[in-house]
Amino acid sequence: MEIPKAYDPKLAEERHYARWEAQGCFAPEINRDPAAPVYSIVIPPPNVTGSLHMGHALQHTIMDVLARYHRMRGHRTLWLPGTDHAGISTQIQVEKLLKKEGTSRHELGRDKFLERVWEWKERYGGEILSQMRREGASVDWSRHRFTLDEGLSRAVREFFVRMYEKGWIYRGEGLINWCPKDQTALSDLEVDKVTKKDGQLFYLQYPVKGSDRRVTVATTRPETMLGDTAVAVSPKDARYADLVGRTLVLPVVGREIPVVADHFVDPEFGTGAVKVTPAHDPNDYQMGRRHDLPQVKVIDQHARMTVEAGREFAGLDRYEARALVVEKFEALGLLERVAEYEFSISQCGRCATVIEPLLSVQWFLKQAALGQKPLELMREQRAPHFVPETPYEKVYTNWLEGLHDWTLSRQLWWGHRIPAWYDEAGNVYVARTEEDARRQAGTDDLTQDEDVLDTWFSSALWPISTLGWPDETDDLKTFYPTSVLVTARDIIFLWVARMMMTGVEFTGERAFDDVYITGTIFDRHGQRMSKTKANGVDPLVVFEKYGVDATRIVLASIGTTDTRWNDTQVESYRNFANKIWNAARFCLLNSEGAQVGKGFAGEPKTWALHDRWIMSRLQKATRDTTQSIEAYDFHAAVQTIYHFFWDDFCDWYIELSKADVAAPDASPARDAARSRALTVLEQALRLLHPFMPFITEELWLRLPGVGTDQLHAAYKHAEPTVMLAAFPQPREELIDERAEGEIQSLVELVSRVRNIRAEMGVRPGEAVRLLVSAPDAALRAVFESGAQQIARLVRASEVAVGDSISAPKASARAVLAGGAEVAVPLEGLIDFAQERERLGKEREKLGKEAEKIEAQLANPNFVGRAPAEKVAELRQRSEDIAQRTRMLAETLEALAD
RNA sequence: GCUCGCUUAGCUCAGUGGUAGAGCACACGCUUCACACGCGUGGGGUCGUAGGUUCAAGUCCUACAGCGAGCACCA
């Protein structure tokens, strides 16, 4: 068998995915156990406009690790993929295209435009899906869903109608966030608050009618004064008490406006008097309603001044109008002052245009009503369980406690059209279909609402709509509630909370048991990766450079941590993949006569010490990995497997077993040793598979003896693949603490001798003699029977073991645990002064530690109050140190002669 | 303004009240028959600062500093 020395990830990456998919490994139907527990995940549907970024790769890796792990556990596993139509983004994308062609959506008309968007979606919307295949994502493609699919659209209409019938969805006038560039309303969550550091606060004076008095108000938006219909002061403010109820004359405009008292006004802030513009400010809107103030709209949808703003202002841009207003006030002597002021402005989350609060008629959802059940679920059952719990459980709960109405309608064409129809008289009919609406209206002469729904409206239904709701499908019954939701923190409100709302509302059950919030990946300098900064690291480039598996295991390891990306991490796991490759290469080059599975044969008591040891280590690694994955602690899981594989298996086990495994002549003992190595390797590949699917499959298939036997019982009918192998279960009976202790002694001996060789400058090729002593017979037996292994590992010509040492004075020595000692005769090489110094340093180290321990043991409070077990442990250590110190002292004394 | 998080080796990060860790980087030595994407050895930390609780604090509490995030209707 030809096996290259270096692992080439591309080979495996190209070879296995299509086969897995073709054999149906990703679909839950592969599981033939009717009693199998169910495990399900729905993917956060990426935008059709999107291409894969590191955040996706992180989320997908976590989901794939979970899916593959549970599948190997024999669970009926579904990971459902899909994409989101992404209303605004997609529409903007296509509109840009049209602009290049010299046309526009308005020129095309609604139907033609939508045709173009669908065309675009078919052509480019699949990019992210093919990128997911590259990642190795084990999603069930047969269940792929798109938010505009007929089934999902039906769910959207059902949701809308039911909420309307409950009175939770309504149409009405409200002050909404308007993006003057995208020409649509936006919900509060689609607006970003951005700090404006170089802002200005203008102090404007309004004359009191029939008096010389002036009231000063402060504003960051002077142009809105054209729409002022009152000035408000605090009811508790003595300074203005006599003014309440009096009239002001609005400068420039000349309108007479009242002074009202409202509790909203903070007398401590600014001048204590606030201009009130009900049509253009959320707070003023509320105050306007409380005091029944007129609403004067002075800014339009394009952020230009209206006719109502006055002839001089009409048609001006809002910023031009601002300058002009300020100029006029100055001319009138009514501009008191302009102060530098830091405040925050609202920007469109998509195009960063400054939002204009506008009065308009839109559809709204009373989220507070829908949020009650999720809130109860959290309070009573603490569900869903957030990972990490802090801070997300609280963030989620706090948001649910303060819900505002959700502006649902968008003035776009791409999306789910609002299922509301109007007759000629303007009466509205909300229905699941146009036929229904006609029946309700008693006429065919209806016009459908022009607007579409917020993209997140359909996303809110994702876990149930993808599984077939509102129908009671088998999928819905089987896979809902889903097991876990994996996503980034920025959509906890936009998406996570809302899925919980609809899920609980329509099924009575939570949408998912757990919510796993991934960390954020920053660039090397700690900056958020973004398109505009062009500092993003492209996952595909990293895949290309280091391999998919290496990238995945790094991402899994990152998990919930915010981290700065650095390639060196991936490089080190690329090296790990190569290490796995070469360990397997060694096993395979020495596999004649051996078979996977036979490694467990025979009574463990009869196995070689190093075999008992590696099997024990394997069980612990298996146990710890399982526990870590179950606890979503992927970092710990990766560390466990990494160190088991590299340190235990490669550095020690392969070296300790080499003489047996690579013996020149065939024998049952050699077969057994080879089988053992192969079996441990095979088990390790299974542990690694969820993290590194490609290399594990590539190697696993090459192992002699793998087949149906290794598959989980639920998959016995399937073609052999490590993907469907049973995830290892720890076998407690193979945990052997004694063997672990003995190998630890052996490892210590080898390490100390290697240290002596390096420090004393023994040439690498030169063999040394070892004189080993151990007072304990059992320990002596370990060294005696391991003499050949020790000799091989330290390049010794001889390893003499006895109950005491009589070594030449010209020897380097080391004291070991359990009172053991080793001497390496180094005639001619040893410099006595140097050796004395080396040993002296060690004695000093021991001395310091002894001092600390003695102090603690001398403390009656410690001995009295600490657990007896801790005290005993410390006494044991103290004795061990004392013994070593004594032995070192003797050695030093002997050297001094 | 409120809430929360982070601060551990040169870098990126683990760390469960009981002997401070990993990978990379660094230094020295190695063509040792799986692997130089490797092997062996070594150096490197007042765990942000100051208090407190405790027999014992990187770990728990308080304050402060720096960095970051989220929320909020302060004109």
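Naming: A, B, ... by sequence-line order, numbering from 1 per chain. What you see below is based on every heavy atom in this structure, not just the backbone, and it leaves out hydrogens, waters and symmetry mates. Not measured: the values here are computed from a predicted model.
For A/His635, counting side-chain heavy atoms from C-beta on, the closest listed nucleotide (B/G38, B/U3, B/C13) is B/C13. Candidate nucleotides B/C37, B/C13, B/A75 were compared by shortest atom distance to the side chain of A/Ala6, and B/C37 ranks first. Nearest nucleotide to the side chain of A/Phe493, out of B/C73, B/G70, B/U12: B/G70. Which of B/A34, B/A22, B/G18 sits closest to the side chain of A/Gln639 comes down to B/A22. Candidate nucleotides B/U3, B/A34, B/G18 were compared by shortest atom distance to the side chain of A/Lys658, and B/A34 ranks first. Closest to the side chain of A/Lys193, out of B/C73, B/C35, B/U3, is B/C73. Side-chain proximity of A/Phe264 to the nucleotides B/C37, B/U3, B/C73 is greatest for B/C73. For A/Asn582, taking side-chain heavy atoms from C-beta onward, the closest of the listed nucleotides B/G18, B/C35, B/C24 is B/C35. Relative to the side chain of A/Lys870, the nucleotides B/A34, B/C4, B/G18 differ in distance, and B/G18 lies closest. Of the candidates B/A69, B/U12, B/C73, the closest approach to any side-chain atom of A/Gln569 belongs to B/U12.
When each of A/Thr219, A/Asn283, A/Asp228 is checked for a side-chain hydrogen bond (donor to acceptor under 3.5 Å, both in side chains) with A/Thr277, only A/Asp228 meets the rule.
Going from the P atom of B/U19 to that of B/A25 covers 30 Å, rounded to whole Å. Look at the C1' atom in both B/A57 and B/G51: the space between them is 13 Å, to the nearest Å. Here, B/G45 and B/C11 have their P atoms 14 Å apart, quoted to the whole Å. The P atoms of B/U7 and B/G42 are separated by 30 Å, rounded to the nearest whole Å. Of the P atoms belonging to B/G44 and B/A20, the separation is 15 Å, rounded to the nearest Å.
Interatomic distance, SG of A/Cys650 versus NZ of A/Lys579, reported as 5.0 Å (0.5 Å rounding). Note that the CD1 atom of A/Ile790 and the CG atom of A/Leu656 stand 9.0 Å from one another [nearest 0.5 Å]. To the nearest 0.5 Å, the span separating CZ on A/Arg623 from OG1 on A/Thr640 amounts to 10.0 Å.
Between A/Asn398 and B/U3, a side-chain N or O to OP1/OP2 separation shorter than 4.0 Å is absent. Put simply, A/Arg564 has a side-chain N or O that comes within less than 4.0 Å of OP1 or OP2 on B/U12.
Counting heavy atoms from C-beta outward, A/Leu793 and A/Trp652 have side chains that approach closer than 4.5 Å.
Using modelled atom types, one finds a donor on one side chain and an acceptor on the other under 3.5 Å when comparing A/His291 with A/Asp262.
Here the C1' atom of nucleotide B/C37 and the OH atom of A/Tyr7 are 13 Å apart, to the nearest Å. A/Asn590 has its CG atom 11 Å from the P atom of B/C35, to the nearest Å.
Nucleic acid contact class of A/Tyr642 (heavy atoms, under 4.0 Å, all strands): sugar-phosphate only.
The six-membered or imidazole ring of A/Tyr396 lies away from that of A/Phe493, with a centre-to-centre distance of 6.0 Å or more.
Atom CD of A/Glu854 is surrounded by more than 12 heavy atoms from other residues, nucleotides or ligands within 6.0 Å.
Below the 3.5 angstrom threshold, one finds a donor paired with an acceptor across the side chain of A/Glu655 and the base of B/A34. For B/C35, the base has no donor-acceptor partner in the side chain of A/Arg585 [N/O atoms by modelled type, under 3.5 angstrom].
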Extract from the structure each pairing of a protein N or O with an N or O of nucleotides 39-46 of chain B at less than 3.5 Å, listing the distance.
{"unit_1": "B/C39", "atom_1": "OP1", "unit_2": "A/Lys579", "atom_2": "NZ", "d": "2.7"}
{"unit_1": "B/C39", "atom_1": "OP1", "unit_2": "A/Trp646", "atom_2": "NE1", "d": "2.8"}
{"unit_1": "B/U41", "atom_1": "O3'", "unit_2": "A/Asn755", "atom_2": "ND2", "d": "3.2"}
{"unit_1": "B/G42", "atom_1": "OP1", "unit_2": "A/Asn755", "atom_2": "ND2", "d": "3.1"}

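Of the residues in residues 269-282 of chain A, those lying under 4.0 Å from RNA chain B by heavy-atom distance are A/Phe269, A/Val274.
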